[in-house]
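These notes are about the structure you will find just below.
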Amino acid sequence: MTDGNERLLPIANVGRIMKRIIPPGAKISKEAKETMQECVSEFICFVTAEASDRCLKENRKTVNGDDICWALTSLGFDNYSDTMLTFLNRWRDTRPTPTPTPTNKTT
Amino acid sequence: MRQPGAYSNLLSGGKTGPHSLPLARIKKIMKKSGEDVKMISGEAPIVFSKACELFIEELTKRAWAMTLQRKTRTMHKEDVAAAVMETDIFDFLVGLVSHTPNPSAPLES
């Protein structure tokens with residue numbers, strides 16, 4: 001059986017995030033999780049297409065984190081965009097800076 | 001010196017592991033969004049993992065409000081669909097959620 005679910009995020013991960021929101025003891029049907037999986041994939045495609053469009057207009061080939069943040073604002077997800085920009089800048093700050101390779105000096 | 005808390009806290013407030021959602025899968029889905037999407041930077045799926053968390057949380061909150069209106073404790077797909085219909089920024093999902101009929105909807109005479 002081919003894994004057609006490669007177009008969806010894993011139901012366990014999606015369900016875990018959903019459970020954070022609902023009170024203890026409340027339940028989520030499998031179909032609700034499956035619907036959420038479909039919605040998230042559609043969200044990714046929707047935002048990526050917008051980001052990719054911007055890259056095309058600016059003659060760039062690579063979709064980067066700033067393009068995703070811009071696309072979120074463009075599509076009405078302003079409240080995510082501020083969080084994402086902060087997140088992106090902090091993530092960039094945590095990346096190790098490459099150490100410069102020593103040059104061989106001849107004397 | 002290893003700082004295991006810095007990165008995971010950055011991504012998910014320390015509640016789960018480094019990523020709540022698999023980056024490779026996110027990247028695959030991004031590539032399927034269009035033929036123009038060829039190159040994706042390493043940070044883009046990481047940004048999306050956070051954005052998707054926020055999206056799932058928001059849609060779940062709204063769907064749960066629908067569940068409470070029905071006075072039950074189990075969220076069904078109809079609650080997710082109703083939340084989509086009620087929220088303007090989720091208009092792009094209307095076709096997706098209205099694809100399946102709602103068997104519990106009352107019939108109007």
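Quick note on labels: first sequence line is chain A, next is B, and so on, each numbered from 1.
Note that the CD atom of Glu53(B) and the CG atom of Asn13(A) stand 10.0 Å from one another [nearest 0.5 Å]. Considering CZ of Phe43(A) and CD1 of Ile29(B), their distance stands at 12.0 Å, rounded to 0.5 Å. For the atom pair CG of Leu75(A) and CG of Asp91(B), the computed distance is 11.5 Å after rounding to the nearest 0.5 Å. Note that OG1 of Thr72(B) and NZ of Lys27(A) are 11.0 Å apart. Values are rounded to the nearest 0.5 Å. Interatomic distance, Ser52(A) OG to Lys31(B) NZ, rounded to the nearest 0.5 Å: 12.0 Å. Atom SG of Cys55(A) sits about 12.0 Å away from atom NZ of Lys38(B), to the nearest 0.5 Å.
The most heavy-atom pairs under 4.5 Å with chain B, out of Ile44(A), Leu9(A), Ile28(A), come from Ile44(A). The choice from Gly76(A), Cys39(A), Cys69(A), Ala49(A) that makes the most heavy-atom pairs within less than 4.5 Å of chain B is Cys39(A). Options Ser81(A), Ala51(A), Gly65(A) differ in how many heavy-atom pairs under 4.5 Å they form with chain B, and the most are formed by Gly65(A). For the set Cys52(B), Gly42(B), Ala81(B), the count of heavy-atom pairs under 4.5 angstrom toward chain A peaks at Cys52(B). Between chain B and the options Glu34(A), Glu38(A), Arg60(A), Lys33(A), heavy-atom pairs under 4.5 Å are most frequent for Glu38(A).
With contacts defined as side-chain heavy-atom distances shorter than 4.5 Å, the pair Lys50(B)/Trp91(A) does not qualify. For the pair Met30(B)/Ile68(A), a side-chain contact is recorded, criterion being any heavy-atom separation below 4.5 Å from C-beta on. Counting heavy atoms from C-beta outward, Phe48(B) and Thr48(A) have side chains that approach closer than 4.5 Å. Looking at Thr35(A) and Val97(B), their side chains come closer than 4.5 Å, going by heavy atoms from C-beta outward.
Under the 3.5 Å distance criterion, the side-chain polar atoms of Arg25(B) are matched with a main-chain donor or acceptor of Leu8(A).
Interface remark: Lys61(B) contributes backbone and side-chain atoms alike to the contact with chain A (heavy atom separation under 4.5 Å). Within the 4.5 angstrom heavy-atom criterion, only side-chain atoms of Val80(B), from C-beta onward, approach chain A. Contacts between Met18(A) and chain B at a heavy-atom distance below 4.5 Å involve backbone atoms as well as side-chain atoms. Only the side chain of Phe46(A) comes within contact range of chain B, judged by heavy atoms closer than 4.5 Å. In this structure, chain B has a heavy atom under 4.5 Å from the side chain of Asn79(A), while its backbone stays farther away. Proximity to chain A (any heavy atom under 4.5 Å) is restricted, for Leu93(B), to the side chain, taken from C-beta onward.
Using cut-offs of 30° and 60° for the angle between ring planes, the Phe55(B) and Phe77(A) rings count as perpendicular.
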Audit row: Met75(B), Met36(A), side chain to side chain contact (heavy atoms under 4.5 Å, CB included) steps and yes/no = CA-CA 11 Å; Met75(B) 184 189 296; Met36(A) 186 62 77; 5.8 Å; no

request  = Go through the steps for Ile17(A) and Thr60(B) under the test side chain to side chain contact (heavy atoms under 4.5 Å, CB included), then give the verdict.
outcome  = CA-CA 9 Å; Ile17(A) 298 170; Thr60(B) 303; over 6 Å; no

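Trp64(B) approaches Ile22(A) most closely through the heavy-atom pair CE3-CG2, 3.7 Å.
Atom CD of Glu58(A) sits in a crowded spot, with more than 12 heavy atoms from other residues, nucleotides or ligands closer than 6.0 Å.
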